Amino acid sequence: MIYDLFIDDITENDKQMKQVKQLIIIVFLGFGLAGFWACGNNDEKNNKAVADTIKDYSLDNLDEAFDRAVIVFYALPSPVETARLFKRAGAPFDETLLNPTSNFEKYFNTRAMALNLGIYGADLSYANLFEQAQITLNYFATTKKMAENIGILEAVGDSTLEALRNNITDKDFVMGVISDVFMNSQAYLKENNRPEVATIIIAGGWIEGLYIGTQLAVTKAENQEPLINAVADQNLSINDLLNLLMVYKDHNDVKSIIKDVETIKKHLSVIKNAEGKVNMDDFKKMTDEVARIRNAYIQ
Amino acid sequence: MKKIILVFIFLSFYWGLSFSNAQCLDFASSEGIAAMDTAVFLHDGRFNAIKLKQGDDIYIYKSFYAQEEYRIVVVGEKGLGDLKLEITDFKQKNVIFSNEKNEKYFDFTPDLSQRAIIHITIPASAAGKVPQKGCVAVMFGLKKL
């Protein structure tokens, strides 16, 4: 940990030691967590909710806290996981819901590229899960180009693309490659001190998953109820997404995304009543709102 | 004094983070994936790995969806000791799993979608000994369809 780099060298008097400890803990809490994948500590409500399991590591508890680090990760469902959830709930495949690969050239700034890398990643997972070989290849190639444009070098090597082409009908092989690409990209962004970009990619993928799920639920599914419930289950992870984004709340590229996710949360949190029944009017309102936000991202 | 310390902290943070991330990706890709058993499970593609030291704790918030067959893998580098893993239901606070036999993974198929807290404790070093450091990787697998 950050303070480990110091502790062996500190030989100052107690007063200086206290100052060092304070600075180290401030940096650890304020900046250190920001560098770790899916990691954060700034959600007071959340921390209160688990106050019985997680100690309060405020400066008042500095000396106690100094001896050990407590890391909090928020593990968002991956696009692969969300696509499987919807498929299990009876979702069909609909190519018209994907962000067209021709949009790729529209994205120039980091925010747009990161959001749409997440969106294309979700589309790619969805297409592969439904064994759409040619669409999967197209989206994989677009994801590769987008990753390169955003500066993720060697996330997808040419040999990987070739292996994918040769095994495109093997859904599990392709999914394994996609998972490797996601993991390597996240690690690369961490390694290069761009964790906020990794977070925007996650947000893009999460919103695209919700977009696909809501659209299919209201327009395509033969039996809407399982899919509607699967979409409603996204309420479990939206707080984790918000917590993750809040780590970078002062970053210009993240601010507006937080606002969008808060809007979605407002809708998502009320679609089920106390008995667990989904109100379809509220569901449709949320569907429209998610579509508005997502469509703005892909423009 | 404060300025020097702050500059040093920032530089150490960036250098240290870069090195440990690269190291932990290799560790997650080898040890983590090995424990995943990729013949049966598909890694979900999330990277949750970090360099820690003995005595540290990790809490992971994660949603688990009904009927999905998960494998939760927790591995640490040699020298950290046997990691303690406890999975608790977020709402009810019921312990879902505790690795009493130091198991490296837990297979889990929830009946209902739920949010859980995964708590990993790295055992403290023996009294008087310098705590060892190493990578800890937490990976989630989904059973192949």
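What you see is a predicted model; the values in this text were computed from it and never measured. Just so we're on the same page: letters track the sequence lines, and every chain starts at 1. When reading the values below, keep in mind they use all heavy atoms of this one structure, side chains included, and skip hydrogens, waters and symmetry mates.
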Largest heavy-atom contact set with chain B, pairs under 4.5 Å, which of Met175(A), Lys87(A), Arg88(A), Gln234(A): Arg88(A)
Qualifying residue for side chain to side chain contact (heavy atoms under 4.5 Å, CB included) with Leu52(B), from Ile58(B), Asp57(B), Leu80(B): Ile58(B)
Side chain / backbone / both / neither for Ala66(B) at chain A, heavy atoms under 4.5 Å: backbone
Option in Met139(B), Glu68(B), Gln67(B), Lys144(B) with maximal non-hydrogen atom pairs under 4.5 Å from chain A: Glu68(B)
Over 12 foreign heavy atoms within 6.0 Å of CZ, Phe41(B): yes
Interatomic distance, Ile50(B) atom CD1 to Ile71(A) atom CD1 [nearest 0.5 angstrom]: 4.5 Å
Proximity breakdown for Gln114(B) and chain A, heavy-atom pairs closer than 4.5 Å: backbone
Distance-minimising heavy-atom pair for Val177(A) and Phe140(A): CG1-CZ, 3.7 Å
Positions in residues 118-130 of chain A that reach chain B, provided some heavy atom is under 4.5 Å away: Leu129(A)
Portion of Leu145(B) that has a non-hydrogen atom of chain A nearer than 4.5 angstrom: both
Interchain contact, Ser29(B) with chain A, by part (heavy-atom threshold 4.5 Å): both
Asn102(B) atom CG, over 12 foreign heavy atoms within 6.0 Å: yes
Phe173(A) six-ring centre to Lys171(A) NZ/CZ under 6.0 Å and within 45° of normal: no
Greater than 12 external heavy atoms within 6.0 Å of Lys104(B)'s NZ: no
Contacting region of Leu142(B) [heavy-atom separation from chain A under 4.5 Å]: both
Ring center gap for Phe140(B) and Tyr70(B) short of 6.0 angstrom: no
Phe108(B) ring center near Phe97(B) ring center (under 6.0 Å): no
